[in-house]
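Order of listing sets the numbers, starting from 1, for every ligand and every atom in it. The shown structure was predicted, so the numbers you read here are calculated from the model rather than taken from an experiment.
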Amino acid sequence: MTPRERVEAALSFEGVDFVPVLPPFQGFWAVGVYETKISEIFKDPMRGAEAQLNILNKVPFDGLEVLWDWLAPVEACGCKVHFPDRGNPVTIDRIVKVPEDIDRLSMPDLSKHSRTKNNFEVAHHLKKTLGAERYVYVTLTLPFTLAGELRGVEALMLDILKRPEDVHKLLSFATEVLREYAKFSAEIGVDAIFWCDPTASADLISPRHFKNFVAPYTKAILKKTRDLGLKAFLHICGNTSDRLNVILDLSPDLMSLDTKVDLVVAKDILNKKVPIMGNVSTTDILMKKPIDIIAASKECIRRAGKIGFLLGAGCDIPIDSPIENVKSLCDSTKEI
Ligand SMILES: [Zn+2]
């Protein structure tokens, strides 16, 4: 099977020669491996593409993210963002300082936002270069996480308790913005959008609030993604065990689980409706040895089974993870 066929078969619960491997999020790590500062790839975007191609020569992922700057919408909406030399950009100035600011928000013109334009140019280039053989996807934030960046996560959590209508207004705005990003993604012809919602983790909000403030907007975004002809993948950081029933109802085309989730439990709940992926510890990938990563990967496959399962890290591949450790994810599947 080609890498693409392997991923497509797993997503359809069909048999595979080897369990497919997605990073799932290698973009910023790969830029670091290429000894490039994040600020440099915003000046010279194609260097970011080179970094991903460089990684694929060393680590034969079956698919990969071709757009990794998933917080670009935050800047497009008017927040100030800091780019460290390595790793994810950080929001330093929020556009929604008081709830009244929500009414002053306006839809950004994405065609004029250079970071967004550059990101999609790079993604398009990678899709053209790799897409015939490998599965390619863009990574974007979901409305709840975008709202948290626009307002500040702590303030958003207080608003949920004190001013829920304002939160819904902000989430509706975030959903509209992200629908535009979904359209851009469809135009460049990637296979899927990997929608990420770290702020919707059980570490931050209760299952009740997840149902009220996360699920409806996630559902709208997943539907839009499918209407555009793309697969809609979902990743939520941390422990999602207590909300897997809601996730079953959302029915993403793939659910990426963080390390805290027991794959046996997830498989049991999501059954044959939602393929799952995960969930080798990112700390192990950063700190341990290849032999440990191979053992952890085999254990994931043993727990999840070979059907409807894709192997990968539980979250972003940490900056400075040794290449040999990441490659061990791919090596492990050939030994089973
Ligand atoms: Zn995560």
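Looking only at atom types and distance, the side chain of Glu133 has no donor-acceptor partner in the side chain of Thr2 under 3.5 Å away. Under 3.5 Å, the side chains of Trp70 and Asn88 contain a donor-acceptor pair of N or O atoms. In summary, the side chains of Asn54 and Lys58 do present a donor paired with an acceptor at a separation below 3.5 Å, with no hydrogens or angles considered.
The aromatic rings of His235 and Phe25 sit perpendicular, their planes meeting at an angle over 60°, well past the 30° parallel limit. Between Phe233 and Tyr135, the ring planes lie parallel to each other; the angle is under 30°, not in the 30° to 60° tilted range.
The pair Asp101-Arg94 fails the salt-bridge criterion, with no side-chain N (NZ, NE, NH1 or NH2) lying under 4.0 Å from an Asp/Glu carboxylate O.
The Zn ion (ligand 1) has His235 NE2, Cys237 SG, Cys315 SG as protein N, O or S atoms under 2.8 Å away.
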